[in-house]
Amino acid sequence: MSGDAVIRTSGLTKHYGRTVALRDVDLEVRRGEVFGFLGPNGAGKTTTLRILMGLLRPTAGKAEVLGEDPWRGAVALHRRVGYVSGETALYDRLTGRQHVELLTHLRGSAGQARDLAGRLGVELDRRTRELSKGNRQKLAILLGLMSGPELLVLDEPTSGLDPLAQNTFHDLLRQHVAAGGSVLLSSHVLGEVEEVADRVGVLRAGELIAVESLAEMRAKALHHVRVTFDHSVPAAALTSVPGVHDVAAEGARLTCSAPQIALDGLLKTVARYGVVDFECAEAGLEETFLAYYGAARDDRQGGPASPRREGAGRAA
Ligand SMILES: Nc1ncnc2c1ncn2[C@@H]1O[C@H](COP(=O)(O)OP(=O)(O)OP(=O)(O)O)[C@@H](O)[C@H]1O
């Protein structure tokens, strides 16, 4: 593992019977970054994270977390890695405070438990079976973060949290990274990772189909353009501009979509005609993401496809 990688997988593959959940995944998370791990439901995110936490054994390929084999070094690793999943198992009859005491006993220190409980507004004195989903999740986050682990592995950690608690959680992640920590954050919603991630990996049907920085993804941000001319201009005038797509003509008006990098060519082309009005609105990153990665497509290098939504314990 290179010096600045905290997680590295090579050829990681997992079969559940005849289901291929992961196929040949090469993933690297660097020290000091928040890596957003995105993919639609069933893409294989949880499977990857469970392998990284030593809770599942891969069918083939290798994984290293903080220099350890997660399956063989699981016990040592769990002291150094904070793991929070959307379905963290809690003891129903114990209160939050008793969970904290249990971990304090195991780890030898309460760490930042008190501070985290205050900031997240965790209800420490109720039995966990009486807690709402969001309040259970806040407790799970507190338990994952309280001992100040150097790496956080988070599987859809904000599911059920209200926007205020989500903001607090994002602040906690920023602080964790500022203090030299690293984060792998899985989600099926770009908006969640957009807040905090430095780089994003996109998993689809068990394959890692893209890894890029958030800045690179922003450069692809789709723009919806509407141009009104002083006479009718055929759609063909724009279809030849690289990157421009979904061109439609309506009288003297043309509409189209284009990534940021295609705008210069588009402007130069429309300037050859008599432009009366020019409107350009940036689509949200979520729409860009869905346009590029949401739909099944054969050509993964070219322009976007039409936006479309797509649809415990150790086990070997
Ligand atoms: N224990 C299991 N037995 C059989 N198939 C499984 C098992 N766990 C997961 N799968 C299958 O493996 C694939 C990947 O599932 P996984 O839970 O890793 O996806 P995910 O990206 O985390 O999805 P989600 O966002 O819905 O949590 C899916 O096709 C799922 O049905």
Side-chain angles (χ1 to χ4, degrees), residues 7-29 34-63 65 70-71 74 81-90 133-134 136-137 140-141 144 151-161 166 169-170 173 183-197 199-212 217 285-286 289-290 292-297 300 307-316:
I7 292 175
R8 175 165 291 165
T9 72
S10 62
L12 203 64
T13 298
K14 177 69 187 176
H15 296 180
Y16 294 106
R18 296 169 82 178
T19 304
V20 182
L22 285 182
R23 195 193 308 266
D24 243 344
V25 170
D26 297 342
L27 178 73
E28 184 182 279
V29 178
V34 178
F35 188 93
F37 198 38
L38 283 164
N41 291 133
K45 304 179 298 295
T46 298
T47 299
T48 308
L49 269 48
R50 288 174 66 80
I51 291 173
L52 295 174
M53 290 307 298
L55 301 167
L56 272 180
R57 211 169 181 178
T59 308
K62 272 181 62 180
V65 179
W71 181 257
V81 182
Y83 175 56
V84 181
S85 85
E87 295 158 12
T88 300
L90 297 169
K133 179 170 166 27
R136 284 173 70 90
Q137 195 55 18
I141 291 171
L151 170 65
L152 298 175
V153 173
L154 309 170
D155 192 0
E156 313 222 2
T158 59
S159 59
L161 291 193
Q166 284 187 23
F169 179 67
H170 293 151
L173 294 190
V183 182
L184 173 59
L185 169 67
S186 99
S187 177
H188 61 276
V189 190
L190 177 63
E192 167 153 40
V193 302
E194 196 183 342
E195 279 291 314
V196 285
R199 291 194 306 144
V200 174
V202 182
L203 196 66
R204 194 174 59 207
E207 292 186 46
L208 191 63
I209 58 167
V211 175
E212 53 191 32
M217 193 175 263
L285 218 46
E286 188 79 27
F289 172 74
L290 285 170
Y292 278 90
Y293 306 117
R297 37 190 312 240
R300 287 172 181 155
R308 173 161 73 80
R309 284 186 188 272
E310 277 184 341
R314 275 165 79 115

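Counting starts at 1 for both ligands and their atoms, in listed order. Here the structure is a predicted model, which means the values were calculated and not measured.
- Proximity of a side-chain donor or acceptor of T59 to a complementary backbone N or O of H15 within less than 3.5 Å is detected.
- Partners of S10 by side-chain contact (heavy atoms from CB on, under 4.5 Å), not counting sequence neighbours, listed by chain and number: D26, K62.
- Residues that satisfy the side chain to side chain donor-acceptor pair (under 3.5 Å) test with T158, not counting sequence neighbours, are E192.
- Between L22 and G44, the closest heavy-atom pair is CD2-O, 3.6 Å.
- By the side-chain contact (heavy atoms from CB on, under 4.5 Å) test, T19 is found to be paired with Y16, residues two or more places apart in sequence or in another chain being considered.
- No donor-acceptor distance shorter than 3.5 angstrom exists from the side chain of S187 to the backbone of V193, with no hydrogens or angles considered.
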Tabulate distances under 3.5 Å between N/O atoms of ligand 1 and N/O atoms of the protein, writing both atom names on each line.
from	atom 1	to	atom 2	distance (Å)
ligand 1	18 (O)	T47	N	2.9
ligand 1	18 (O)	T47	OG1	2.6
ligand 1	19 (O)	G44	N	3.1
ligand 1	21 (O)	A43	N	3.1
ligand 1	21 (O)	G44	N	2.9
ligand 1	21 (O)	K45	N	2.9
ligand 1	21 (O)	K45	NZ	2.9
ligand 1	22 (O)	T46	N	2.8
ligand 1	22 (O)	T46	OG1	2.7
ligand 1	23 (O)	G42	N	2.7
ligand 1	25 (O)	N41	ND2	3.2
ligand 1	25 (O)	K45	NZ	2.8
ligand 1	25 (O)	E156	OE2	3.3
ligand 1	26 (O)	N41	ND2	3.0
ligand 1	26 (O)	G42	N	3.4

